[in-house]
K.L.:
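Quick one: the structure is below, questions incoming.
Throughout, residue positions are numbered sequentially from 1 according to the sequence presented. The structure displayed is predicted, hence computed values, not measured ones.
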Amino acid sequence: MKTVKDYIRTIPDFPHAGIMFRDVTTLFADPRGFRMAVDQLLHPYAGQPIDLVVGLEARGFILGGAIAHQLGKGFVPIRKKGKLPGAVIEKSYQLEYGEAVMEMHDDAIGAGQTVLVVDDLLATGGTAEAGVKLIERLGGAVTGCAFVIDLPELGGRKRLERMGMEVHALCDFQGT
């Protein structure tokens, strides 16, 4: 029987030499694989009081939207700077090669709302940490962070756990 990991393609040396890119588009393209991933991502949170699902740009939108639909909850995107219309709040964070900025509408989450954060991959945890901080700035409470893939050697899980976040990942890959 196939696992979620079996549907994920690895592309060597993308986008740079030495990087093993974990491509979830093959998972998304397969109806059984995609359903399996969505079901397994939401399973630990079924029955928990979740008001909203937040997806991190960009593949988190695909997964988060599907999970929100299955849970009967609303969906909120957290996007790269300059992609959202209207009033936003922002959080910058460090990348290996510089800095990035994530944004969210300033009225997307109400005080006290419980939120599930979803993305495809957890590497260093910088994007997820920025997302959590945006949610908390609006008064939201993060109930968990769910990922298809964890790259444990890059430390993202530990980073989020140090923030008090519950982390759920469907599979992991060694190396970068």
Side-chain angles (χ1 to χ4, degrees), residues 1-8 22-80 83-89 91 102-123 125-151 156-157 159-161 163-173:
M1 188 159 141
K2 282 183 129 177
T3 67
V4 165
K5 192 172 186 174
D6 296 324
Y7 291 96
I8 298 167
R22 308 308 176 172
D23 181 16
V24 294
T25 63
T26 50
L27 170 69
F28 295 167
D30 186 283
R32 286 188 180 156
F34 186 54
R35 177 171 291 283
M36 181 188 306
V38 170
D39 288 349
Q40 289 178 11
L41 283 169
L42 70 82
H43 179 75
Y45 307 100
Q48 287 193 22
I50 295 172
D51 297 309
L52 296 166
V53 176
V54 165
L56 303 175
E57 185 155 329
R59 291 171 296 271
F61 299 167
I62 297 164
L63 294 161
I67 291 167
H69 172 77
Q70 286 294 102
L71 293 174
K73 304 300 178 182
F75 174 79
V76 174
I78 292 184
R79 303 221 47 196
K80 293 178 183 172
K83 302 287 185 179
L84 290 171
V88 297
I89 60 171
K91 175 69 179 146
M102 299 299 281
E103 294 181 333
M104 156 186 227
H105 282 124
D106 68 357
D107 62 354
I109 295 172
Q113 285 191 297
T114 56
V115 179
L116 174 62
V117 176
V118 178
D119 204 359
D120 68 318
L121 182 120
L122 177 58
T127 303
E129 179 181 9
V132 167
K133 287 184 176 182
L134 288 170
I135 292 163
E136 290 176 340
R137 190 180 315 163
L138 292 179
V142 177
T143 189
C145 299
F147 305 91
V148 174
I149 301 167
D150 180 17
L151 300 178
R157 175 186 288 269
R159 182 178 189 167
L160 292 176
E161 288 173 344
M163 295 175 62
M165 296 296 111
E166 175 189 312
V167 177
H168 172 58
L170 303 186
C171 64
D172 62 46
F173 287 90

K.L.:
Closer than 3.5 angstrom, by distance alone: can the side chain of R157 be matched with the main-chain N or O of V167 as a donor-acceptor pair?
P.N.:
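It does hold such a pair.
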
K.L.:
Determine the minimum heavy-atom distance between D51 and Q113, stating which atoms define it.
P.N.:
OD2-CA, 3.2 Å

K.L.:
For Y7, is there any backbone N or O sitting under 3.5 Å from a side-chain donor or acceptor partner on T26?
P.N.:
yes

K.L.:
Identify the two heavy atoms, one from D6 and one from M1, that lie closest to each other, and give their separation to 0.1 Å.
P.N.:
OD2-O, 4.3 Å

K.L.:
Report the distance from atom CZ of R79 to atom CE of M102, rounding to the nearest 0.5 Å.
P.N.:
9.0 Å

K.L.:
Pair F28, L63 - check side chain to side chain contact (heavy atoms under 4.5 Å, CB included), show working.
P.N.:
CA-CA 9 Å; F28 295 167; L63 294 161; 3.7 Å; yes

K.L.:
Does V4 reach the side chain of L27, with side-chain heavy atoms less than 4.5 Å apart?
P.N.:
yes

K.L.:
Quick check for you: to the nearest 0.5 Å, what is the distance between L151 atom CG and F173 atom CZ?
P.N.:
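Here the rounded value is 8.5 Å.
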
K.L.:
Under 3.5 Å, side chain of D172 to main-chain N/O of D150, donor-acceptor pair present?
P.N.:
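Checking the backbone N and O of D150 against the side chain of D172, no donor-acceptor pair under 3.5 Å is found.
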
K.L.:
Can you name the nearest heavy-atom pair linking L170 to H168, along with the distance?
P.N.:
CD2-NE2, 3.6 Å

K.L.:
Would you compute the distance between atom CG of D23 and atom CG of D120 and round it to the nearest 0.5 angstrom?
P.N.:
9.5 Å

K.L.:
Sequence neighbours left out, what passes side-chain contact (heavy atoms from CB on, under 4.5 Å) with D39? Give chain and number order.
P.N.:
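Checked D39 against side-chain contact (heavy atoms from CB on, under 4.5 Å); matches are R35, Q70.
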
K.L.:
What I want to find out is whether R159 reaches E129 closely enough, with some N-O distance under 4.0 Å, to be called a salt bridge.
P.N.:
yes

K.L.:
Checking the side chain of H105 only, and the main-chain atoms of P77 only, is there a donor and an acceptor separated by less than 3.5 Å?
P.N.:
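The answer is no, because no donor-acceptor pair under 3.5 Å joins these two groups.
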
K.L.:
Would you say the side chain of F75 lies within less than 4.5 Å of the side chain of I67, judging by non-hydrogen atoms?
P.N.:
no

K.L.:
Is there side-chain contact between V148 and I8, with heavy atoms separated by less than 4.5 Å?
P.N.:
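The answer is yes; the side chains approach within 4.5 Å.
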
K.L.:
Find out whether M104 and I135 are in side-chain contact, i.e. whether some heavy atom of one side chain is under 4.5 Å from a heavy atom of the other.
P.N.:
yes

K.L.:
Can you check whether L160 reaches L122 side chain to side chain, under 4.5 Å on heavy atoms?
P.N.:
yes

K.L.:
Sub-3.5 Å donor-acceptor pair from the side chain of T114 to the main-chain atoms of A141, do we have one?
P.N.:
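No: the side chain of T114 does not pair with the backbone of A141.
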
K.L.:
For the CG atom of D30 and the NZ atom of K2, what is their distance to the nearest 0.5 Å?
P.N.:
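The distance works out to 6.0 Å.
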
K.L.:
Kindly say whether K133 contributes a backbone atom to a donor-acceptor pair with the side chain of K91 at under 3.5 angstrom?
P.N.:
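No.
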
K.L.:
Enter the distance from I109:CD1 to I89:CD1 here, rounded to the nearest 0.5 Å.
P.N.:
8.0 Å

K.L.:
Starting at CG of L56, measure out to CG of L121 and round the result to the nearest 0.5 Å.
P.N.:
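L56 atom CG to L121 atom CG measures 11.5 Å (nearest 0.5 Å).
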
K.L.:
Assess whether side chain to side chain contact (heavy atoms under 4.5 Å, CB included) is satisfied between V53 and V118, documenting all intermediate values.
P.N.:
CA-CA 7 Å; V53 176; V118 178; 3.8 Å; yes

K.L.:
Apply side chain to side chain contact (heavy atoms under 4.5 Å, CB included) to the pair L134 and V54, showing each step before the final yes or no.
P.N.:
CA-CA 11 Å; L134 288 170; V54 165; over 6 Å; no

K.L.:
Any idea which heavy atoms bring C145 and V132 closest together, and the distance?
P.N.:
SG-CG2, 4.1 Å

K.L.:
List the atom of V38, the atom of A66, and the distance in Å for their closest heavy-atom pair.
P.N.:
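Residues V38 and A66, closest heavy atoms: CG2-CB, 3.8 Å.
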
K.L.:
Which atom names give the shortest non-hydrogen contact between Q40 and P44, and what distance separates them?
P.N.:
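Looking at all heavy atoms of both residues, the closest pair is O-CD, 3.4 Å.
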
